[in-house]
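Note that the numbering runs from 1 along the sequence shown for the chain. Keep in mind that the numbers below use all heavy atoms, side chains included, and drop hydrogens, waters and symmetry copies.
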Amino acid sequence: MASSILDEHGAPISSAMIASLREEQATPTVVGNRPIWSGNPAAGLSPWRLAEILRNADLGWSRAYQELAEEIEERDLHYAGVLATRKRQVTQLPLTIEINDDDAAQVEHKAFLEAWVQSGALDDALFDMLDAVGKGFSVHEIIWRTDPGMIVPDRFISRPQRWFEVDRADGQTILLRGSLAGDRQATGNLFTPLAPHKFVVHRHPAKTGLVLRSGLARVALWAW
C-alpha cells in the first residue's frame with residue numbers, strides 16, 4: 001500500500017523510510033569517529049599550532065577546529081557573552097506562521113503548524129541551533145512522531161559539530177562521520193551523506209565565506 005505522506009517535492013515517502021524516521025542514526029560510537037569525549041586543542045596552543053588547525057580545517061579536516069571553537073567559548077567570558085546575547089535575541093522572538101491567502105487548505109495547514117509550534121518541540125532546540133553563530137553550522141537530528149496520516153518532529157537532538165565534516169568537493173555540504181571500519185554508504189569509508197528528512201542543518205554566515213570560515217570563532221581565535 002502506497003504511503004499518503006508526501007515529501008517537500010510531492011513524492012510519497014515509503015513505509016520503510018517512515019519507520020526509519022523514528023530511529024536515531026547519528027549516535028555516538030565508543031570506538032570510532034563520533035566519540036562522546038572531545039579533544040583539548042586549546043592546551044598549550046601556539047600561533048603555529050593555531051595556524052595548523054585552521055589550515056587543516058580548510059582542507060576538510062575540521063575536528064580540532066570545532067573542538068577549539070567550543071573551548072574558547074568556555075574559556076573566554078566576553079566571547080561567550082557575545083554568543084549568548086545573539087542566541088537569546090533570536091530565541092526570545094515570537095514564532096509566527098503566515099499564509100498567502102485565505103484558501104481553506106492553507107488555513108488548515110496554518111492551524112496544523114501552529115498546534116505543532118505550541119507543543120514546544122522547536123523552542124527547546126532553537127538555542128542549540130544557534131550554536132552555528134560561532135562554529136558556522138549546527139546539526140540537529142530529528143526524531144519524528146508518526147501518527148496515522150500525520151508525521152511531525154517530536155524532538156530535535158543536538159549533535160556535536162565534531163561528528164560531521166564539510167564535503168571537500170564543494171566546501172558546503174555537511175557529511176556525517178562514519179565509524180573507523182567505514183560505513184557501507186560512506187564516501188571513502190569516512191563520511192556519509194545525511195539521510196533525507198532526518199537532520200536540520202543551520203548555517204549562520206556571521207562573515208562571508210565557506211561554511212567553515214563563516215563563524216565568529218574563525219575571527220575570535222586569532223585574537224584569543
Cluster link W144 to F112, ILVMFWY, side chain under 4.5 Å
yes

Below 4.5 Å, heavy atoms only, C-beta onward: do L212 and Q66 meet side chain to side chain?
yes

Validation row: E141, E23 side chains within 4.5 angstrom (heavy atoms)
no

Out of curiosity, L221 CG to D76 CG, how far, rounded to the nearest 0.5 Å?
10.0 Å

Once you round to the nearest 0.5 Å, how far does CZ of F191 lie from CZ of R177?
5.0 Å

Check: S62/E165 side-chain N/O donor and acceptor closer than 3.5 Å
yes

In Å and rounded to the nearest 0.5 Å, what is the NE2 to CD1 distance from H202 to I174?
12.0 Å

Could you check if a side-chain atom of L130 sits within less than 4.5 angstrom of a side-chain atom of L83, using non-hydrogen atoms only?
no

So if you build clusters from Ile, Leu, Val, Met, Phe, Trp, Tyr with side-chain heavy-atom gaps below 4.5 Å, do I143 and V201 land together?
no

Going by heavy atoms in the side chains, are Q172 and D167 under 4.5 Å from each other?
no

Counting only heavy atoms not in R86, do more than 12 sit closer than 6.0 Å to its CZ atom?
no

Any chance CG of L77 has more than 12 other-residue heavy atoms, nucleotides or ligands included, within less than 6.0 Å?
no

Rounded to the nearest 0.5 Å, the CG atom of L95 sits from the CG atom of L126 at a distance of 6.0 Å

Between L68 and I53, does a side chain to side chain contact (heavy atoms under 4.5 Å, CB included) hold up when you go through it step by step?
CA-CA 9 Å; L68 185 55; I53 289 173; 4.0 Å; yes

I72-L216 co-clustered via ILVMFWY side chain contacts under 4.5 Å
yes

Heavy-atom pair of closest approach, residues A42 and E71
N-OE1, 2.8 Å

Would T146 and R22 satisfy side chain to side chain donor-acceptor pair (under 3.5 Å), going step by step from the backbone distance to the final call?
CA-CA 8 Å; T146 56; R22 296 191 293 262; 2.4 Å; yes

Contact list for residues 91-102, test salt bridge (charged side-chain N to carboxylate O under 4.0 Å, His left out), sequence neighbours left out:
none

Rounded at 0.5 Å granularity, tell me how far CG in D58 sits from CG in L210.
8.5 Å

With side chains defined as the heavy atoms from C-beta onward, is the minimum distance between P153 and R145 less than 4.5 Å?
no

Minimal non-hydrogen separation, N40 against R75, with atom names
ND2-NH2, 3.7 Å

Could you check whether any side-chain heavy atom of M129 comes within less than 4.5 Å of a side-chain heavy atom of F156, counting everything from C-beta outward?
yes

So do the side chains of W163 and P28 get within less than 4.5 Å of each other, counting heavy atoms only?
yes

Yes or no on salt bridge (charged side-chain N to carboxylate O under 4.0 Å, His left out) for K87 and D128, after CA distance, side-chain angles and deciding distance?
CA-CA 8 Å; K87 294 176 183 179; D128 291 333; over 6 Å; no

Would V117 end up clustered with V107 when hydrophobic side chains under 4.5 Å apart are linked, directly or stepwise?
no

Report yes or no: does W222 contribute a side-chain atom to a donor-acceptor pair with the main-chain N or O of P47 at less than 3.5 Å?
no

Working to the nearest 0.5 angstrom, can you tell me the gap between H140 NE2 and I142 CD1?
10.0 Å

Does one hydrophobic cluster hold both I157 and W116, with members joined at side-chain heavy-atom distances below 4.5 Å?
no

Treating S38 as the side-chain partner and E67 as the backbone partner, does any N or O pair qualify as donor plus acceptor under 3.5 Å?
no

Minimum heavy-atom separation for K135 and A69, please, with both atom names.
CG-CB, 4.0 Å

Is Y65 reaching over with its side chain to a backbone N or O of R162, donor-acceptor style, under 3.5 angstrom?
no

If we ignore hydrogens and angles and just use 3.5 Å, is the side chain of R168 paired with the main-chain N or O of W61 as donor and acceptor?
no

Please check if the side chain of K207 supplies one atom and the backbone of R213 the other of a donor-acceptor pair under 3.5 Å.
yes

Taking all atoms of both residues into account, what is the closest heavy-atom pair of G136 and S214, and its distance?
CA-OG, 3.8 Å

Over all atoms of both residues, closest heavy-atom pair of L176 and A26
CD1-CB, 3.9 Å

Check against side chain to side chain contact (heavy atoms under 4.5 Å, CB included), N33 and L190:
CA-CA 8 Å; N33 287 320; L190 288 176; 4.1 Å; yes

Among residues two or more places apart or on two chains, list those pairs meeting salt bridge (charged side-chain N to carboxylate O under 4.0 Å, His left out) that have a residue in residues 40-54.
R49-E52

If you define the side chain from C-beta out and look only at heavy atoms, does anything of E24 sit under 4.5 Å from R159?
yes

Distance-only, no hydrogens or angles: does the Q161 side chain make a donor-acceptor pair with backbone N or O of F137 under 3.5 Å?
yes

Smallest separation among heavy atoms of P41 and A64, with atom names:
CG-O, 3.6 Å

